[in-house]
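Quick notes on the structure that follows.
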Protein chains: 2
Amino acid sequence: MGEAVREPRQDRSRATRGRLLAAAVDCLAEVGWTGSTVSVVAERAGVSRGAAQHHFPTREDLFTAAIAYVTDERVEFLRAALPTLPPGPDRTRFVVDAIGEMYAGKLFKAALQLWVAAASDEQLRAQVLPLEARVGREAHQLTVEALGADESHPGVREAVQATLDLARGLGLANLLTDDTKRRHRVLAEWATALSAKLATLP
Amino acid sequence: MGEAVREPRQDRSRATRGRLLAAAVDCLAEVGWTGSTVSVVAERAGVSRGAAQHHFPTREDLFTAAIAYVTDERVEFLRAALPTLPPGPDRTRFVVDAIGEMYAGKLFKAALQLWVAAASDEQLRAQVLPLEARVGREAHQLTVEALGADESHPGVREAVQATLDLARGLGLANLLTDDTKRRHRVLAEWATALSAKLATLP
DNA sequence: GGTGAAACAATCAAGCGTGCATGCTTGAAA
DNA sequence: TTTCAAGCATGCACGCTTGATTGTTTCACC
């Protein structure tokens with residue numbers, strides 16, 4: 001088992017912790033909330049169940065940390081994807097597509113499992129709500145900037161929110177089947193309507 | 001698996017079966033997929049666990065039937081809500097709002113639990129997919145009729161689908177918090193855009 | 001009214017996930 | 001080198017859920 005270079009004490013511990021969190025997110029996306037037992041997560045992380053229990057005494061501790069972890073990952077994803085879009089007439093199209101991809105990926109699937117599980121778990125809900133709100137604010141802000149939209153105009157704020165809500169709905173549809181083709185068609189149509197809306201008042 | 005769908009001979013039996021299915025849907029919406037044990041469902045239905053087991057030998061049998069049940073309920077809901085909308089200039093607004101309500105209600109919450117659980121359960125997915133597809137087709141068809149839209153025009157079909165996907169996304173946002181106010185604002189804005197789109201080519 | 005099958009109830013065994021308690025290993029400081 | 005705490009591994013007990021078994025009641029039909 002002891003393979004590769006043994007890291008210094010603290011770094012190795014941090015690495016184990018990180019592997020556990022990454023494995024928790026992967027498991028959520030692949031085997032769901034109920035299927036993500038600590039044994040399964042630990043095995044995927046390549047550590048023993050006892051090691052997992054050392055870092056996260058209870059299962060709740062593990063997934064509480066996983067929520068924060070996946071939140072950071074999603075914000076990071078958005079920050080990385082949105083600002084690099086080329087300016088020009090098709091910018092709206094690119095932005096809308098990028099958001100669509102974000103809500104079709106592994107991170108969203110994992111977050112969705114937490115989101116739905118939190119609907120019937122008070123403890124979890126208390127953890128999920130503030131962090132999801134942060135993702136929402138961040139996504140909204142980044143989208144406004146990427147689109148170059150002016151929220152002081154009436155309806156613009158709602159149009160941006162609708163874009164994010166639409167992406168969520170499309171992401172949901174993408175859970176059970178690969179909905180990529182339909183998503184691109186819908187988003188393409190949506191992008192034209194959105195850029196028309198934004199063009200009326202710049 | 002090939003079971004002859006045995007018709008209950010007695011009214012009492014049929015009533016018990018119906019209560020179990022209704023209770024299963026309620027439990028899904030309130031305590032989620034993992035919390036909906038057969039004991040919980042049976043207790044809510046006011047029958048013993050043995051009675052539940054008589055009607056549905058396994059838990060899978062129970063929720064397989066519950067999927068079909070909630071599907072029928074959702075289609076019924078749509079059929080009842082959409083065609084009764086008053087015609088006129090605000091019809092688009094009414095239709096969009098009605099769809100939004102549909103995806104904010106108990107039936108959607110229950111279906112969402114099944115949907116997410118099915119993402120990591122092959123058996124469940126096989127049951128959910130065709131029935132959800134039926135709900136999707138039905139919702140699309142009814143929406144087109146209620147809007148009086150002509151799908152032969154380019155973009156109209158995508159606009160209707162976007163309406164449904166947007167409603168799904170808003171319904172998801174409505175899971176953990178009461179999102180009614182924001183939903184109405186977003187849908188109002190979308191309704192104006194949608195009616196503008198539909199008005200360009202009638 | 002008796003009979004048999006369906007409907008309902010109660011109990012039991014097995015599997016699984018969690019949490020705890022107990023050891024072993026590592027590595028840095030004394 | 002010795003020491004000691006953090007990191008890690010293993011085994012066990014408890015609670016919960018499921019599915020099967022057996023017993024009891026209800027009801028249609030002869």
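Lettering follows sequence order; numbering is per chain, from 1.
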What distance separates A:L20 CG from A:H55 NE2, expressed to the nearest 0.5 Å? 6.5 Å

Residue pairs involving residues 176-197 of chain A (criterion ring pair (Phe, Tyr, Trp, His ring centres under 6.0 Å); sequence neighbours excluded): A:W190-B:W190

Just grab all the ring pair (Phe, Tyr, Trp, His ring centres under 6.0 Å) pairs involving residues 114-134 of chain A, residues at least two apart or on different chains. none

So, with a heavy-atom separation below 4.0 Å from DNA chain D, the residues of residues 51-64 of chain A are A:A51, A:H54, A:H55

Quick check on contacts: within residues 113-122 of chain A, what sits under 4.0 Å from DNA chain D by heavy-atom distance? none

All salt bridge (Lys or Arg N to Asp or Glu O under 4.0 Å) counterparts of [X], not counting sequence neighbours:
| X | value |
| --- | --- |
| A:R17 | none |
| A:D179 | A:R182 |
| B:E151 | B:R157 |
| A:R185 | B:E158 |

Name all pairs fulfilling the salt bridge (Lys or Arg N to Asp or Glu O under 4.0 Å) condition that reach into residues 64-86 of chain A, sequence neighbours left out, sorted by first residue then second. A:D72-A:R134, A:R74-A:E132, A:R79-A:E138

What's the CZ-C1' distance between A:R49 and D:dA13, to the nearest Å?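 The answer, rounded to whole Å, is 12 Å.
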
Enumerate the residues from residues 36-48 of chain B whose closest heavy atom to DNA chain C is under 4.0 Å, giving them by residue number; use none for an empty result. B:S48

For A:T16 and D:dC8, is the shortest distance between a side-chain N/O and OP1 or OP2 below 4.0 Å?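 Looking at the OP1 and OP2 atoms of D:dC8, one of them is under 4.0 Å from a side-chain N or O of A:T16.
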
Ignoring hydrogens and angles, answer whether the base of D:dG7 and the side-chain atoms of A:R17 contain a donor-acceptor pair closer than 3.5 Å. no

Would you say the base of D:dG7 and the side-chain of A:R14 have a donor-acceptor pair closer than 3.5 Å?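 By the distance-only test, no, there is no pair.
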
Those residues at least two apart in sequence (or on a different chain) that pass side chain to side chain contact (heavy atoms under 4.5 Å, CB included) with B:T177 are A:L129

Tell me every residue that passes ring pair (Phe, Tyr, Trp, His ring centres under 6.0 Å) with A:W33, counting only those two or more places apart in sequence or in another chain. A:F63

